[in-house]
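Everything on this sheet refers to the single structure shown next.
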Amino acid sequence: MKLKEILQKQLTEAAEKAGFTPHSVVITSSKDEKHGDLSSSLPLSLAKAAKKSPMAIAEAIIGKFEIDDRIVADIFPSPPGFINFKIKDSYFQSLVSEIIKAGNTFGQSDTGKNKTANVEFVSANPTGPLTIGHGRNAVIGDTVANILENHGYNVTREYYFNDAGRQMRLLGQSVEARYFELLGKEIEFPEDGYEGNYIKEIAQNILDEHGKSLTPSDPLFKEKAEKTIFADIEKSLVNLGIHFDQFTNEKTFYENGDIDRFLDELKAKNLIYEKDGATWFRTTNLGKDQDRVYIKSTGEPTYRVPDTAYHRDKINRGFDLIIDIFGADHADTYPDVLLALEALGLKTDHIRILLYQFVTLIRKGEKIKMSTRKANFVTMDELVDEVGADVVRYFFIMRGMNSHLNFDLDLATDQSEKNPVFYLQYAHARICNIIKHGESLGVNPQAHFDTSLLTNSSELELLKTAGKFPEIMDNANETLEPQSVANYLQNLATKFHKFYAECRVLTDDNTLTSARIALINSVKIVLENGLKVLGISAPERM
RNA sequence: GCCCACAUAGCUCAGCAGGAUAGAGCGACUGCCUCCUAAGCAGUAGGCCAGAGGUUCGAAUCCUCUUGUGGGCACCA
């Protein structure tokens, strides 16, 4: 059991014995040494109901607290009414063995054991290369999936796409126009067509493979474009270390009748009606301020229709947890899908939508407006080639997804050596180097060790931080906010670098050397486990 | 106009199931390699946590309003 949980339980018991009825007992890490290692503001929250001074309550609770002398060195009150715990050094020292024993399972949990999760992300239609805009989605999705796996979930990474629809039709027309352009025929480029160079390349490939014989509106234009672009997207994802388990095509739900079925069901519930030649979903009956179009007057369904069928399919597949990673532009649309699912009598509690804010791309101090159609974008491949997948992944994960992050291209490329990810990886590389160096001096990294020798404050600080990893991972599992893991690792690296500056690992004192080797071994394990979750490499040399 | 997010150091951002003195990186300035990698460490400067109210013993964190930024409000996805 984790330290905080143990104390929480004991503190609750003590409060009850003292005659109080505690509701939520919160224990936090103390910022100041003179407040011990951990603190609780329980007395302050009890004061009002108990009509007693917080300090008196603190004293009363402390009087009933049963000290576990393997863990707690001291418990004492401080104004205006905190209860502080001083934890024994021996407890922190014992973490070394605990971490080493757990190895790559340290930080894992079984909260998701025998459960399945589906994470849908990227889901970009194959109209162009994967851009930096998609990058944030891709990295968040993959990392969230990693976090769930870390907690025992069996995760399906899924990519949902649509190769019918207006976007794809325009894509085909754009390729077609470029093809005939290559043949010297001046034909009008479609309005809102895709202007990127990749379109010309595809047209050229078609010309090389099939000659000049193609006629206008040949389906091959679109098919070839889709195939080429999809292969390209998949490659870009692999470059980022991302692999999908399943690709689901929207078309499926037309072909298998799911869409007709659910439309009929809604119709039976009188939630669908016809107006102005279109078919509407009566969302005003479900608490919305306006109805939504389901099928346009052209006969084409809007995205809501297949999306709803798709989500119903995911629900029917029986996942315990369904996660969608959406950009802020979807903020207004997914509620319609959830509404429809609920109207169909489905439970949606286990669906979690993670919205991330858009990335603002900055080059030479100016904002760039990205558009796939206008070919105004920076591809993931370009970025990964320049700075490497580790930097890209870290950059997208180090900030909360609710922040509108600025991606300064010049900073990311020119100053990539100063990127915080290196700071973190450097800690790992340093540890590896020390161990290796030690071995060359005849130090056995697996030797018996006595952690009671780890008494330097930088050693204890390092241990305290390393020991928090499981708690951080639990929290990440609940909030699904990957940046907390990145921030934690940054903090751990700081503690390590400080330790490195203050303590030599390889010394003349063999017993001390063995203890410190064990210490850095445990830190290495935490760094590796954490970096693995972030999908970032842990280099042995830098 | 309506809805959702965001506003914290010069810049990029952490911190937010309310807790004691608000942090990091970059940039600026000082020191530290005869010693396991200086991609590091130590230190200085830099803040009315957008503004105004409110809840509370206690607010950067929760609520309301104002201002500003991004995104949505389409028979685009």
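Computed from heavy atoms alone, side chains included, the values below leave out hydrogens, waters and symmetry copies. Just so we're on the same page: letters track the sequence lines, and every chain starts at 1.
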Contact summary for A/E439 and A/P445, nearest pair of heavy atoms: OE2-CG, 3.4 Å

With sugar-phosphate meaning primed atoms plus P, OP1 and OP2, does A/D276 contact a base, only sugar-phosphate, or nothing at under 4.0 Å between heavy atoms? base

Could you identify the nucleotide paired to B/A9, looking across every strand shown and requiring Watson-Crick or G-U wobble geometry with both distances under 3.5 Å? none

Could you check which nucleotide pairs with B/A52 in any of the strands shown, counting Watson-Crick or G-U wobble with both distances under 3.5 Å? B/U64

How many whole angstroms separate atom NE2 of A/H330 from atom C1' of B/C76? 11 Å

I want to check one thing: is the phosphate of B/A14, taken as OP1 and OP2, less than 4.0 Å away from some side-chain N or O of A/N487? no

Looking at the base of B/A14, is there any donor atom on it, or on the side chain of A/N491, that sits under 3.5 Å from an acceptor on the other one? no

Side-chain donor/acceptor contact of A/S78 with base of B/A20 under 3.5 Å: yes

Any base atoms under 4.0 Å from A/G81, or only sugar-phosphate, or nothing? Heavy atoms, all strands. nothing

Using 0.5 Å steps for rounding, measure from the CZ atom of A/R136 to the OG1 atom of A/T131. 13.0 Å

Select base, sugar-phosphate, or nothing to describe what A/C503 touches, counting heavy atoms under 4.0 Å on all strands. base

Rounded distance (Å) that lies between atom P of B/C4 and atom CG of A/L354: 19 Å

I'd like to know if A/K464 pairs up with A/D37 as an ion pair, taking the criterion as any Lys NZ or Arg NE/NH1/NH2 lying under 4.0 Å from an Asp or Glu carboxylate oxygen. yes

What is the nucleic acid contact for A/K495, judged by heavy atoms within less than 4.0 Å: base, sugar-phosphate only, or nothing? nothing

Complementary nucleotide for B/C2 - Watson-Crick or wobble, under 3.5 Å: B/G72

Regarding A/K31, tell me which of base, sugar-phosphate or nothing describes its non-hydrogen contacts under 4.0 Å with the strands shown. sugar-phosphate

Reckon A/T279 has a side-chain N or O less than 4.0 Å from the OP1 or OP2 of B/C75? no

Answer with base, sugar-phosphate or nothing: what part of the nucleic acid does A/F82 contact at a heavy-atom distance below 4.0 Å? base

Determine the contact category for A/H404: base if any of its heavy atoms lies under 4.0 Å from a base atom, sugar-phosphate if only primed atoms, P, OP1 or OP2 are that close, otherwise nothing. base

I need the CG-P distance between A/L170 and B/C76, as an integer number of Å. 12 Å

Just wondering, more than 12 heavy atoms not from A/K4 lying within 6.0 Å of its NZ? yes

Between B/A38 and A/R430, is there an OP1 or OP2 to side-chain N/O distance shorter than 4.0 Å? yes

How would you label the contact of A/S403 with the nucleic acid (heavy atoms, under 4.0 Å): base, sugar-phosphate, or nothing? sugar-phosphate

Under the criterion salt bridge (Lys or Arg N to Asp or Glu O under 4.0 Å), I'd like the reasoning laid out for A/E120 against A/K314: C-alpha separation, chi angles, the key distance, then a yes or no. CA-CA 10 Å; A/E120 182 216 324; A/K314 283 199 279 192; 3.0 Å; yes

Determine the interplanar angle of the A/F253 and A/Y160 rings, folded into 0 to 90°, and report it as parallel if under 30°, tilted if 30 to 60°, perpendicular if over 60°. tilted

So what does A/T302 touch, heavy atoms closer than 4.0 Å: a base, only the sugar-phosphate, or nothing? sugar-phosphate

Once you apply a heavy-atom cut-off of 4.0 Å, does A/Y294 come out as touching a base, just sugar-phosphate, or nothing? nothing

Using a cut-off of 4.0 Å on non-hydrogen atoms, how would the nucleic acid contact of A/Q483 be classed: base, sugar-phosphate, or nothing? sugar-phosphate

Could you tell me whether A/S39 contacts a base, only the sugar-phosphate backbone, or nothing, with contacts defined as non-hydrogen atoms closer than 4.0 Å? base

